[in-house]
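Predicted model only: the values in this text are computed from it and were never measured.
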Amino acid sequence: MRGHDLARLGAVLLATTCLPMMADAQTSAANPEQTRTEDTTAQLSDDPDTSMEVIVTARRRAENAQKIPGSLSVVGGALLDRSYTVNTQQLSQLVPALNYSSANPRNTAFTIRGLGSSVVAVSQANDGLEPGVGYYVDQVYHARPATAAFDFSDIEQVEVLRGPQGTLFGKNSTAGAINITTRAPTFTTQGEAEISYASYNFLQVKGAVSGPIVGDTLAGRVSVVSTRRDGVIDNVVTGRDQNTIGNQAIRGQLLFRPSEVFQVKASADFTNFQSNCCTQVYYNVATRPGSGTDGRLFRTATRQFGGPTGLAAQFNYAPPSTNPYDRKTDIDAALGVDTNEGGVGVIADWNLGAATLTSISAWRFWNWDAANDRDYTSIPIQIEQHIPSRQDQYSQELRLASNGDHKLSYVGGLYFFRQRVIGRPISIYGPAAARYLIGTTTGTGAAATAVPSNLLDGYGTDGRTDFRSDSYAAFGEVNWKPVDRLTLTGGLRYTYEEKEGTYDTFTFGGLQTTNAALNVAKLSILRGQNYAASDKDGALTGRANIAYQATDNVLAYASYARGEKSGGINMSGLPLNDQNQPAIGTAVVRPEMNTAYEIGLKTQLFDNRLIFNVDGYYTRVTDFQANVTDTRAAAALRTYLANIPKVTVRGFEADATALVTRNLSLRGSVAYADGKFNSYPAAPCPIERIFNTAAFCDLSGQRLSSLPRWSYTLGADYNQPIADIGSGFVHIDSNTRTRQFGDPSGSAFTVIEGYTIVNGSIGFRSKEGWELAVFSRNLLNKDYIQNVTIQAGNSGLILATPSDPHTIGLTFRIKQ
């Protein structure tokens with residue numbers, strides 16, 4: 001047996017005996033003020049006798065997570081602090097089923113069990129498609145996953161829900177949801193502050209203060225966070241560090257509680273991210289033979305990046321390094337991110353006795369602008385590329401939930417969501433673009449025309465996109481106990497959505513010529529488009545669940561769920577038809593339908609000192625939404641949204657926590673997933689199989705991208721009292737992921753190899769409320785690839801975002 005197989009087997013065995021402190025629970029849309037989810041190892045620090053019970057309000061009342069059927073990972077705020085998990089990217093290192101990929105904040109992709117947005121920029125860079133993984137903060141849905149790039153601030157807990165959501169959540173999400181609950185205002189005065197300094201001049205400052213404003217009627221809370229870090233990629237041309245970090249956030253909350261049965265919480269927040277970010281480095285070059293088995297010629301040698309007559313040789317160009325872990329780039333175009341988001345929300349709860357009525361009203365905005373060098377080289381091919389965008393969203397949810405634990409309990413509600421995104425796609429080419437993208441001639445034989453080297457110099461597009469979406473839904477779920485220990489659950493949701501979008505761009509600049517062949521060549525690279533599209537869709541989805549409490553400490557369940565990810569509109573431009581006009585038939589993308597089956601077992605053993613949960617699932621998705629690249633020469637740079645006929649994912653997950661002694665806890669989790677395209681007969685070809693003329697490949701049976709077959713975490717916390725002054729502590733956690741495809745085409749040149757990353761901290765916690773700790777992320781300085789990108793134009797150049805190097809730092813915290 002190979003070494004990595006032994007490692008996997010060892011992790012599985014450990015998962016069955018002493019597996020991170022995360023609890024499984026059913027979908028939650030709970031009131032933050034009513035939620036009290038504690039982290040076991042946090043409790044160990046203060047009270048070794050505390051039980052391992054984890055409380056959630058997944059079904060509108062406080063319950064032990066072990067009594068709730070369904071799969072959900074809960075990460076408490078204390079574990080986030082101890083593991084120095086400061087954003088959603090790092091959260092994926094604690095939750096094996098969650099995968100995260102981001103070339104920059106706008107192009108952020110989440111998947112759960114391999115589903116959602118399986119490749120960067122599928123739904124994120126295209127404003128007309130919603131993500132498959134819902135992202136919620138204090139019960140409010142955030143439509144653009146870019147908002148997840150900001151750092152966490154004052155978090156009570158994070159829940160990662162697996163499988164279709166809808167009957168208890170406002171927005172319908174087919175793959176799952178990330179639900180974040182912030183710490184609420186308190187009627188006792190509290191304050192905390194934290195400062196961390198680490199490698200690469202990392203500096204993070206956090207603070208929060210909470211307390212009463214008017215007796216026991218009005219309370220407030222204010223929290224802030226600011227993070228800075230130097231870049232980890234060296235630009236050998238400019239001498240500047242790239243991929244710096246610079247963000248800050250502030251949140252204010254007011255809790256008005258005039259009586260025991262009524263309360264209103266109002267919140268406002270603003271977050272800003274400004275940095276010299278984000279670029280990638282050389283990773284690989286795809287090589288291609290002369291012809292395929294059917295006799296068709298692969299991409300002409302002079303149009304490929306590598307080789308003695310390739311594009312790099314023609315420009316006498318060599319990357320600053322062919323080792324991505326040297327973290328060197330030579331981009332020559334402007335780089336930078338300037339994005340911010342914020343909003344206001346009001347949550348009102350009125351206890352009517354038999355039930356509680358909840359209203360959630362919110363408005364949010366998101367501004368985005370960034371400059372990129374999309375050729376990722378010092379060759380002046382593309383000198384400017386960015387899409388300034390503005391999003392506004394409004395949402396209103398009304399819910400009625402029964403109170404108490406009765407034979408019949410229920411949740412029902414209405415939901416409205418409105419979104420508008422306005423963008424301005426800008427792209428400008430430089431003096432090397434004509435030679436690099438077209439060549440020295442255009443046409444063939446006697447009709448060949450010499451291409452002037454400055455044909456595309458200054459040639460670009462500008463314009464406006466406008467996307468609007470309205471969503472209306474009614475949902476409900478009922479739990480019925482026909483006999484003792486048996487619970488049947490049924491839920492339905494009807495969603496109706498209307499979407500419309502306009503896309504209007506024009507070209508400008510470049511060499512002005514009356515030569516028809518040269519003008520056609522220019523349009524083959526960039527062409528203005530003008531089109532409008534709309535879509536209306538209604539869908540009935542839901543779930544059914546049966547749960548049996550075999551003993552007080554063993555729960556078995558089985559569930560069926562059906563979710564829909566609504567249709568979308570391609571807001572990034574369309575491929576061309578035979579008349580060189582936008583192919584309007586590709587503007588609207590059909591809805592994605594997800595059908596999921598799951599069985600699970602939850603146990604509490606050895607006087608509740610060991611919690612062990614396991615589940616198995618099978619998910620079938622029809623009309624899976626994904627990016628497709630049109631590889632025809634006339635549209636070499638165009639990607640558009642389309643539907644894949646069928647995708648399936650099957651696997652299992654297990655997680656557990658063991659309280660080994662009064663001061664030592666061990667935790668771990670494992671996720672196995674087998675996801676593939678079952679039917680994908682007309683897919684875009686991998687980069688190494690792209691021909692000179694239009695070609696499609698059958699990728700049926702290929703594994704999904706961004707989905708490791710195995711992922712598991714291991715961790716431990718040890719607390720040692722020291723006399724009467726406090727206690728010393730040690731924390732360690734690790735995450736292992738096996739190899740995966742970095743691109744949906746399954747190119748062998750985009751494979752991301754498996755890796756293990758280890759984080760840890762050691763410190764002292766005083767009884768007076770202060771804490772001093774030394775921490776390290778990527779403790780073993782493991783090099784790995786986070787995501788890959790194929791250079792536009794199909795040259796064969798592959799770029800990647802390397803891992804952040806080893807970081808070591810010092811943190812001082814104080815809580816009163």
Side-chain angles (χ1 to χ4, degrees), residues 103-107 120-121 124-128 146 277-280 311 331-339 368-390 421-438 454-467 501-512 518-531 570-576 580 582 627 629-641 789-795 797 799:
N104 60 49
R106 176 182 173 88
N107 292 354
V120 172
Q124 290 70 10
N126 198 309
D127 296 330
C277 182
C278 303
T279 192
Q280 296 177 291
L311 293 166
I331 60 172
D332 57 346
L335 183 72
V337 168
D338 185 358
T339 181
W368 165 264
D369 196 9
N372 297 292
D373 188 337
R374 291 302 300 276
D375 60 71
Y376 301 97
T377 70
S378 61
I379 306 173
I381 303 165
Q382 193 169 26
I383 60 175
E384 185 174 351
Q385 198 279 333
H386 60 129
I387 309 175
S389 301
R390 165 78 183 199
V421 187
I422 297 176
R424 184 186 175 193
I426 302 171
S427 183
I428 304 175
Y429 287 98
R435 177 74 176 272
Y436 197 94
L437 299 174
I438 300 174
N454 63 341
L455 180 66
L456 299 179
D457 192 9
Y459 183 62
T461 60
D462 199 344
R464 174 187 170 94
T465 64
D466 190 346
F467 173 76
T502 58
Y503 184 92
D504 186 4
T505 61
F506 59 89
T507 59
F508 61 88
L511 179 66
Q512 301 303 306
L518 294 181
N519 284 324
V520 169
K522 291 172 65 176
L523 292 174
S524 73
I525 302 303
L526 283 180
R527 177 188 296 265
Q529 291 191 4
N530 181 290
Y531 62 88
N570 191 338
M571 296 301 298
S572 294
L574 303 178
L576 304 178
N580 283 329
N627 259 0
T629 302
D630 190 334
T631 57
R632 293 176 295 180
L637 305 182
R638 178 68 64 207
T639 61
Y640 65 98
L641 293 170
T789 297
I790 298 175
Q791 186 191 50
N794 298 326
S795 69
L797 177 61
L799 297 311

Heavy atoms, side chains only, cut-off 4.5 Å: are L335 and D373 in contact?
-> no

Audit row: Y429, Y459, ring pair (Phe, Tyr, Trp, His ring centres under 6.0 Å) steps and yes/no | CA-CA 5 Å; Y429 287 98; Y459 183 62; 7.2 Å; no

State, yes or no, whether a side-chain contact exists between F508 and I428 at a heavy-atom distance under 4.5 Å.
-> yes

List the atom of D369, the atom of H386, and the distance in Å for their closest heavy-atom pair.
-> OD1-ND1, 2.7 Å

Any side-chain heavy-atom pair of T377 and Q791 under 4.5 Å = yes

Can you find a pair of side-chain heavy atoms, one from I438 and one from L456, that are under 4.5 Å apart?
-> yes

About how many Å separate CG of N372 and SG of C277, when rounded to the nearest 0.5 Å?
-> 9.0 Å

OG1 of T461 to CD of Q529: how many Å apart, nearest 0.5 Å?
-> 10.0 Å

Can you name the nearest heavy-atom pair linking A521 to L455, along with the distance?
-> CB-CD2, 4.4 Å

Hey, could you give me each pair passing salt bridge (Lys or Arg N to Asp or Glu O under 4.0 Å) that has a residue in residues 454-467? Not counting sequence neighbours.
-> R420-D466, R424-D462, R464-D466, D466-R468

Provide the closest heavy-atom pair for I426 versus P388 in the form atom of the first, atom of the second, distance.
-> CD1-CD, 4.3 Å

Would you indicate whether the side-chain heavy atoms of W368 and V337 approach each other to under 4.5 Å?
-> yes

dist Y531:OH -> D504:CG (nearest 0.5 Å) comes out at 10.5 Å

Got a donor-acceptor contact below 3.5 angstrom from the Y436 side chain to the S795 backbone?
-> no

How far does CG of L311 sit from CD1 of I381, to the nearest 0.5 angstrom?
-> 7.5 Å

Taking T507 for its side chain and R527 for its backbone only, find out whether a donor-acceptor pair lies under 3.5 Å.
-> no

Minimum side-chain heavy-atom gap T789-Y376 below 4.5 Å | yes

Are the side chain of Q382 and the backbone of P380 linked by a donor-acceptor contact shorter than 3.5 Å?
-> no

